[in-house]
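Residue numbers begin at 1 in each chain, while the letters A, B, ... track the order of the sequences. Bear in mind that the values here come from a model prediction, so they are computed numbers and not experimental data.
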Amino acid sequence: MTDYLQTQLRAVLDDLGGVPDDFDVALEEPANEEHGDLAANTALRLGSLLDDNPRSIAETIAERLRDRVDPHRIKSVEVAGPGFINFRFAQDYLFDGLAELLAQGDTFGRTDAHTGETANVEYVSANPTGPLTVGHGRNAVLGDTIATLLEWTGYDITREYYFNNAGRQMRVLGQSVRARYEALVGEDVPTKTLTVDDEEVEVPASFPEDGYLGTYILDIAEQLYEEEGASLLTTESLAPFRQAAEEAIFADIEATLDRLNIEMDGYANEQDLHDGGTVQKILDGLTEAGLTYEENGALWFKTTEFGREKDRVLVKQSGEPTYRTPDIAYHTTKFERDFGLMIDVFGADHHAAYPDVLDALDVLGYDTDRVEVILYQFVTLVRGDEPVKMSTRRANYVTLDDLIDEVGADVTRFFFLMRSADTHLNFDLELAQEASDKNPVFYLQYAHARICSIIDKAEEVGFSPDADVDLSLLTHEAELDLIKELLDFPQVLRSAAEARAPHFVPNYLEDVATTFSQFYDHCRIIGEDNDLATARMHLALATKTVLKNGLTVLGLSAPRNM
RNA sequence: GCGCUCGUAGCUCAGUCGGACAGAGCAUCGGUUUCCGGUACCGAAGGCCGGGGGUUCGAAUCCUCCCGAGCGCACCA
């Protein structure tokens, strides 16, 4: 409908003349329903442009619109206030839309706005040094849902996970495992004391200062001991320890993601980029561009040339690249695969890290307008009023797995999605566990289950969803409100996709559930005259479809009963 | 010190492009049930949209300064 009216408005403006081609004919849904179903501020914005009274411009436009608009779609075109043009939908339009919704079923909400376009969404991307944290959870769920939203607008999506497995972190990981293994195998292994977060921890003497203290490291060491016995004591190489750790931790990560209904299409890792020569290639490229220099034994990237505060190191004194070098290389592989859109989901702590990656890609001739970075703010766990204390360093935190154990996958996903990415998230464990109307997930799922039950009951007394139906019997205000709400769904998904803002969807679904409850409160289904009952049953069915599709987009289940 | 994000009702937060009297949920107070899931619905109360200046016909939204919070400012990722 928005598209239709925009076209009509544009045509009128062309007739009038004097309006620039790039003038934005925006339509909006008025907050106040007295102002119609859609409103255009066109005349107000043209006022200064045409140097005329907005009110009279609006009258002229409205006059011409009335002549050309399809009366089966638009009931009225009115001028109001300082010069708004308000449109009211014809009921036929609502009934046609509802019939269309029912016909589309599971696919209602999908649009072809971006059909034929490809996009890569990179998310999670946690390095395999330990279990996923709650913060990774927000990343994972956000990325996954943005990907789904893009799919629903037609994009061909690749979900990708990139991790560093070649650098310092993995070496420290290997050393941590080795130290635990040696302590396990040997007898009277000397120990030392580390002070972490003001607490003293006793570890084997060979344990690295910045090693990983989590108990999962002990598990991996034990596993190695069971499989290899003491044979690894004599090896010089860290590789077996590192590898065992990477595999074990990665298996855990994948299992956790699977619980959240997340499946990646592909994984990319740093080591492959070294082995394949991609890292060297970008170093050569940047050097050829004259943007690198050596100093103190390190290779620097002249980021100050792009207005950054300081230059950045590409290759450390030690000969190892910094994280940004393979990251640049990784992005070039995405460009080589020719994605039209590349989205990276990062925590707010990374915000300073990507500009130089983009600078480098620019220099190398890639169109960085195709890369978008989504930053999300941190998550704080609270239980009622009490913040949950965590120390990442000691791995003394609530892991993502712990969180899912405690509140379930649906609630975990929903709570991560219901707030805008750039607001700090307070995750209330007490509320999350509550099975009541205080908990928005519950409210939504309850509405869905209730509708399923109503439909089942209606079928028991002889109503069929396949029966001929006269939707035009739905004339009660509560019915019309609900139909309008349901028909917004495709546009909501599209806006959410384009704004990369999944939280539009939970907010909208809550409105749907509320509007349905209002309808249900006013209008009986069973017990009414047969034709009306059939029509209302179809409206319930349509609501169920929207709730189900919406929950599906969010990656949540839509239970039939609870 | 510099950069990014944020500051909206008691609490948690919406408010896509500047628009018509600033919204929701929870909490509080009051009401509704012979009836298809009352785990619901209706209503009331509650806000100088952090503060000052500016741009505009019009600002929670844009610009600027100030205050406050979080996160960064590595040869960690």
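For the C1' atoms, the distance from B/U12 to B/A77 is 32 Å, rounded to whole Å.
Here the P atom of nucleotide B/C36 and the CZ atom of A/Phe463 are 15 Å apart, to the nearest Å. As a whole-Å value, the separation of A/His448 NE2 from B/C36 P is 21 Å. Between the P atom of B/U16 and the CZ atom of A/Arg494 lies a distance of 18 Å, rounded to the nearest Å.
Checking the phosphate oxygens (OP1, OP2) of B/C41, a side-chain nitrogen or oxygen of A/Tyr443 falls inside 4.0 Å. For B/C73, the OP1/OP2 oxygens have no side-chain nitrogen or oxygen of A/Lys310 closer than 4.0 Å. A sub-4.0 Å separation between OP1 or OP2 of B/C71 and a side-chain N or O of A/His350 is absent. Distances shown here put a side-chain N or O of A/Lys316 below 4.0 Å from the OP1 or OP2 atom of B/C76. OP1 or OP2 of B/G38 has at least one side-chain nitrogen or oxygen of A/Arg450 nearer than 4.0 Å. The side chain of A/Ser517 contributes no N or O atom lying less than 4.0 Å from OP1 or OP2 of B/A40.
The base of B/A14 has none of its N or O atoms less than 3.5 Å from a complementary donor or acceptor on the side chain of A/Asp511. Checked by distance alone, A/Asn41 brings a side-chain donor or acceptor within 3.5 Å of a matching partner on the base of B/G19.
Look at A/Arg168 and A/Asp210 and you find a salt bridge, because one of the NZ, NE, NH1 or NH2 atoms lies within 4.0 Å of a carboxylate O, short of that distance. Salt bridge absent: A/Arg383 and A/Asp428 never bring a charged side-chain N and a carboxylate O closer than 4.0 Å.
The aromatic rings of A/Phe489 and A/Tyr508 sit parallel to each other, their planes meeting at less than 30°, with 60° as the upper class boundary.
In this structure, A/Phe84 counts as stacked on the base of B/A20 under the 5.5 Å centre distance and 30° plane angle limits.
Among the atoms of the strands shown, none is found under 4.0 Å from any heavy atom of A/Ser318.
Across all their heavy atoms, A/Ala329 and A/Ile282 have their closest contact at CA-CG2, 4.0 Å.
Within a 6.0 Å radius of NZ in A/Lys548, no more than 12 heavy atoms belonging to other residues, nucleotides or ligands are found.
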